[in-house]
Amino acid sequence: KIKMDLEKVFSQIEGKNRYNKLMLFSNIIGYMTSAIFILGLPSLQMDNYSCKSAGQEVKCGDDPCLKNYDIVYTEPKTITSEYEMVCGNQAYKDYLGMAYFFGFVVSAVTLNCWSDSFGRKPAVLFGQILTIVGYCILYFAPSITYLIVGCAFVGYGNGGIFVPIYSHTMESASKKYTSLFGALMDALFEANHLLLAFLLHFEYDWKRYILIFLAISLFNLCLTFAFIPESPRFLLSKERTGELNMCLNRIATVNATKYSILEGDDKKETKTAAKSHNYSILDLVTFPSQRRKAFNIAFAFVLAEMVYFGVNFYIPKVPGDSHTNISIAGVAGIIGSLMVGEAAEHYGRLKSYILFLVVTTLGLLGMILTEGKDYDIKIIMGVLLVTKMGISGVYTLALIYIGELFPTKIKNTSYGAFLFLSRLSTLVVPMIGALPNALTIYCSFIGISAIFASKLPETKGKEPEDDIPELVKKAEQFLFWLFRKDFKNTILK
């Protein structure tokens with residue numbers, strides 16, 4: 001086993017932190033673009049048509065085709081007007097979003113696990129290439145079927161970018177920067193709403209927006225391929241000494257510092273890699289130490305994310321201009337993500353997580369008290385912004401927590417598993433939102449999430465273990481418990 005203190009190495013080659021700035025710039029672009037399409041999809045398929053009857057403009061209603069109205073499409077062109085998604089074809093608009101989320105969920109349990117075997121950078125590059133392919137299919141789509149396929153490609157690619165690029169950022173810098181970098185990543189992820197509002201202000205045709213998304217993805221692909229090396233912690237966990245030396249030397253060169261080469265034997269690396277254990281998603285439940293952490297963070301994260309999406313769905317219902325409310329809520333999300341990074345660095349992960357859960361609870365209680373009442377709009381928006389700020393901080397810290405709880409070799413597998421569960425659970429969020437006591441349910445979710453989160457260990461300043469101890473022994477114990485006597489007498493013999 002190669003022993004190396006990466007914290008000391010990072011402090012030696014840090015210099016003026018040029019590499020961290022370049023890496024953060026590239027990864028933030030990739031992280032933001034992994035969601036800009038699905039956030040902009042409702043605007044790209046808006047109903048931009050009017051109805052006429054006997055030459056006079058009339059209200060279209062739910063199904064203008066039944067009334068034999070003449071449908072007149074207006075500028076700019078959207079997906080709805082390009083492919084005539086009206087009347088009996090309206091359901092296809094929902095199919096596009098479903099195709100995207102199907103690709104994203106499948107990617108969470110495939111491409112993210114693959115990145116734990118082959119590396120963060122190859123997974124990010126592969127995800128970016130699939131995203132670009134998806135945009136090309138969307139741009140040249142001759143029919144609705146091709147649109148659905150293109151959305152599935154973009155979703156699969158975005159899912160492959162989202163987790164590996166986040167892990168790469170956390171693993172490529174000193175531990176003293178992890179909470180700050182995580183907060184910046186999620187704060188600018190919230191800024192997607194502001195970027196999208198700026199782009200939509202120009203009212204281009206939908207294909208021009210696809211070209212803009214494509215150009216951003218191509219730029220990020222070139223930047224990642226040319227300037228960003230593999231994650232040092234991933235290479236160390238895989239004992240790939242030669243590549244680790246090249247990676248650290250490259251970082252030192254960018255920072256204008258020097259790096260002392262770590263001695264290693266490439267032949268020994270090959271033998272070690274050949275004998276290494278193939279990690280999988282089952283390792284999260286096979287070993288007691290991992291199972292306890294996985295169980296607690298899974299419930300804490302999934303319940304908190306349901307509230308996160310529930311609050312976002314609630315924002316358009318608030319009195320006032322919906323676009324203004326969304327923009328203000330986006331700013332509150334940015335503030336919450338930045339605040340939690342600072343709090344996590346000073347007070348630790350666990351205390352900060354509980355603190356922001358308490359802030360979210362207070363905000364939800366305020367929303368319950370003001371819901372349906374004749375309060376001033378400033379009070380209603382105030383409690384909403386407190387809730388948005390709190391839950392954004394919880395979401396940011398949950399992502400940081402997952403990266404520090406599990407060994408490097410199954411980190412992205414962990415992210416993929418929890419994202420898969422959270423995306424499945426958010427399918428019921430619209431149904432909960434339709435209930436009259438939805439806010440009370442969300443408040444109870446936060447309370448349950450706090451109970452599970454309180455059982456998590458503190459990870460501030462601690463390096464996650466790079467391997468699962470006593471691997472074979474514990475695996476045999478688990479299988480023996482599973483199959484009892486039949487396993488012992490038959491398979492082991």
Side-chain angles (χ1 to χ4, degrees), residues 29-47 78-80 82-83 85 89-112 114 123-124 126-166 189-190 192-193 195-196 199-200 206-218 220-221 305-306 308-309 312-313 326 395 415-416 418-431:
I29 293 176
Y31 197 60
M32 289 180 66
T33 54
S34 68
I36 195 168
F37 172 75
I38 191 59
L39 291 174
L41 184 59
S43 300
L44 299 184
Q45 54 185 14
M46 284 179 62
D47 293 335
T78 64
I79 295 175
T80 300
E82 185 87 14
Y83 296 91
M85 292 183 180
N89 292 331
Q90 284 183 331
Y92 285 113
K93 293 194 288 186
D94 296 328
Y95 293 166
L96 297 183
M98 290 170 62
Y100 177 91
F101 281 111
F102 175 77
F104 193 98
V105 168
V106 173
S107 177
V109 291
T110 55
L111 201 52
N112 291 332
W114 180 68
V124 172
F126 187 62
Q128 289 168 338
I129 291 170
L130 286 179
T131 301
I132 291 168
V133 170
Y135 285 142
C136 292
I137 294 173
L138 287 170
Y139 187 83
F140 295 105
S143 66
I144 295 175
T145 304
Y146 283 88
L147 281 178
I148 296 173
V149 173
C151 286
F153 266 86
V154 174
Y156 192 88
N158 285 176
I161 296 170
F162 183 80
V163 169
I165 212 165
Y166 191 90
F189 184 80
E190 293 280 352
N192 260 324
H193 297 281
L195 174 62
L196 201 58
L199 292 175
L200 293 174
W206 74 276
K207 283 192 173 182
R208 184 172 293 190
Y209 287 113
I210 294 296
L211 285 178
I212 292 173
F213 300 159
L214 176 62
I216 296 173
S217 295
L218 279 170
N220 188 239
L221 174 66
E305 183 155 344
M306 290 177 72
Y308 177 83
F309 282 102
N312 285 335
F313 291 159
I326 291 171
Y395 182 76
Y415 273 123
F418 301 136
L419 281 174
F420 176 76
L421 292 173
S422 65
R423 289 297 184 267
L424 287 180
S425 65
T426 51
L427 294 176
V428 302
V429 170
M431 291 183 278

Q. How long is the span from the CD1 atom in Ile212 to the OG1 atom in Thr33, to the nearest 0.5 Å?
A. 13.5 Å

Q) In Å and rounded to the nearest 0.5 Å, what is the OG to CZ distance from Ser34 to Phe104? A) 6.5 Å

Q. Are any of the side-chain heavy atoms of Phe37 and Cys151 separated by less than 4.5 Å?
A. yes

Q: Indicate yes or no: at least one non-hydrogen side-chain atom of Phe126 is less than 4.5 angstrom from one of Leu111.
A: yes

Q: List the atom of Ser107, the atom of Gly160, and the distance in Å for their closest heavy-atom pair.
A: OG-N, 2.9 Å

Q: Nearest 0.5 Å please: distance from the NZ atom of Lys207 over to the CD1 atom of Ile79.
A: 10.0 Å

Could you pull out every donor-acceptor pair under 3.5 Å between side chains of residues 129-144 and any protein atom, sequence neighbours left out?
| residue | atom | partner | partner atom | Å |
| --- | --- | --- | --- | --- |
| Thr131 | OG1 | Gly127 | O | 2.8 |
| Thr131 | OG1 | Asn158 | ND2 | 3.3 |

Q. Considering only heavy atoms from C-beta outward, does the side chain of Phe153 approach that of Val149 to under 4.5 Å?
A. yes

Q: Take atom OH of Tyr83 as the centre, draw a 6.0 Å sphere, and report whether it contains more than 12 heavy atoms from other residues, nucleotides or ligands.
A: yes

Q: Can you measure from CG (Asn112) to OG1 (Thr110) and round to the nearest 0.5 angstrom?
A: 7.0 Å

Q | Leu195 CG to Ile36 CD1 distance, which is reported to the nearest 0.5 Å | A | 4.0 Å

Q. For the atom pair CD1 (Ile165) and CG (Asn220), what is the distance rounded to the nearest 0.5 Å?
A. 5.5 Å

Q) So, do Gln45 and Thr80 sit near enough that their side-chain heavy atoms are less than 4.5 Å apart? A) yes

**Q.** Pair Leu96-Tyr100, side-chain contact (heavy atoms from CB on, under 4.5 Å): steps then yes or no
**A.** CA-CA 6 Å; Leu96 297 183; Tyr100 177 91; over 6 Å; no

Q. Between Tyr166 and Tyr31, how do the two ring planes meet: parallel, tilted or perpendicular, split at 30° and 60°?
A. tilted

Q) Any sub-3.5 Å donor-acceptor pair from Ser217's side-chain atoms to Phe213's backbone N or O? A) yes

Q: Before giving the answer on ring pair (Phe, Tyr, Trp, His ring centres under 6.0 Å), spell out for Tyr95 and Tyr92 the whole-Å C-alpha distance, their side-chain angles and the decisive distance to 0.1 Å.
A: CA-CA 5 Å; Tyr95 293 166; Tyr92 285 113; 5.5 Å; yes

